[in-house]
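The block underneath contains the structure these notes are about, expressed in structure tokens.
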Amino acid sequence: MLYSLEIKIDSLWIKVISNEEEIEKLSLLSENFFIEEGSPKKRRVPYWLRRLEGDLRNYFSGQRVDFGKYPLKIANYSVFSQKVWREVKKIPYGEVRSYKWIGKKLNTRGYRAIGRVLSLNPFPLLIPCHRVVKKNGSLGGFSQGEEIKKRLLEIEGVFCEGGIN
DNA sequence: GTGTACCATAATA
DNA sequence: TATTATGGTACAC
């Protein structure tokens, strides 16, 4: 049994797919890219997933929210991907790291491979790939669109001019 | 700005 | 199975 939770928060659509105990996917979409019309569908979802809706709303209203407690289904992805995502999950709210920093943790210099894996992140926000930026302080890419990445970092109060570690 | 080293995946042969 | 193409990078010019 799969559950789907659809939420609209100002110009953003968020769609979460879960099974009984794990989140399987989260999509983050700008309004213009959302294909279906109308308002979010109301369905019965597991209680812990309903809590996520509240957390998401709090997050976008500027509260400090830790999404780390939600169980994510990542076991079916490659070992390398899981390592990258696990490391990224540890980055605290309001802080950023560089792609190189992740590489150091994983003992690899395949920085582009890391970016590639992050671009395939099935759980934006929950795995905070928006907190991974280029070493020179510029944002780097974001699969859901650079505007969203910028906005997420602004919400968290992050400014990284001048480069980071 | 350009070139090159870097490494996981997907696409292609 | 082997080869190439493609990146959400980094670093030295």
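As a basis for the values below, the full set of heavy atoms in this structure was taken, side chains included, without hydrogen atoms, waters or symmetry mates. Naming convention: chains lettered A, B, ... in sequence-line order (proteins, then strands); numbering from 1 in each chain.
- For A:F67 and A:Y59, the gap between ring centers is short of 6.0 Å.
- Nearest nucleotide to the A:K134 side chain, out of C:dG8, B:dA8, C:dA10: C:dA10.
- Set against C:dC11, B:dT9, C:dA10, the side chain of A:S81 has B:dT9 as its closest nucleotide.
- The residue A:G110 sits close only to the backbone: its heavy atoms come under 4.0 Å of sugar-phosphate atoms, none of a base.
- Salt bridge absent: A:R151 and A:E154 never bring a charged side-chain N and a carboxylate O closer than 4.0 Å.
- Within the 3.5 Å criterion, the main-chain N or O of A:A75 finds a donor-acceptor partner in the side chain of A:Q82.
- Here the P atom of nucleotide C:dT9 and the CD1 atom of A:I114 are 11 Å apart, to the nearest Å.
- Among the nucleotides B:dT9, C:dT9, B:dC7, the one closest to the side chain of A:R109 is B:dC7.
- With hydrogens and angles ignored, no donor-acceptor pair closer than 3.5 Å exists between the side chain of A:R116 and the base of C:dG7.
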Problem set entry | Residues A:E53, A:V16; criterion side-chain contact (heavy atoms from CB on, under 4.5 Å); working and verdict | CA-CA 9 Å; A:E53 171 167 5; A:V16 189; over 6 Å; no

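- Between the base of C:dG7 and the side chain of A:S119 there is no donor-acceptor pair shorter than 3.5 Å.
- In this structure, A:Q144 places its CD atom 11 Å from P of C:dG8, rounding to the nearest Å.
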For this session: Would you check, one step at a time, whether the test salt bridge (charged side-chain N to carboxylate O under 4.0 Å, His left out) holds for A:R97 with A:E87?
Result: CA-CA 10 Å; A:R97 302 284 186 270; A:E87 215 48 62; over 6 Å; no

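- As rounded to whole Å, 13 Å separates atom P of C:dT9 from atom CD1 of A:I102.
- Looking at the side chain of A:K135, the nearest of the listed nucleotides C:dC11, C:dG8, B:dA8 is C:dC11.
- To the nearest angstrom, P of B:dG1 lies 12 Å from CG of A:N136.
- Comparing B:dA8, B:dC6, C:dG8 by their closest approach to the side chain of A:L118 singles out C:dG8.
- Contact check, A:K100 against C:dC11: a side-chain N or O comes under 4.0 Å of OP1 or OP2.
- The OH atom of A:Y77 sits 12 Å away from the P atom of B:dT9 (whole-angstrom rounding).
- Here B:dA5 sits opposite C:dT9 as a Watson-Crick or G-U wobble pair (both hydrogen-bonding atom distances under 3.5 Å).
- Between the C1' atom of C:dA10 and the NZ atom of A:K104 lies a distance of 13 Å, rounded to the nearest Å.
- Taking atom CZ on A:F80 and atom P on B:dC7, their separation rounds to 10 Å, with Å as the unit.
- In this structure, C:dT1 forms a base pair with B:dA13, meeting either the Watson-Crick or the G-U wobble geometry with both donor-acceptor distances under 3.5 Å.
- Protein atom CG of A:L139 is 17 Å distant from nucleotide atom C1' of C:dA10, rounded to whole Å.
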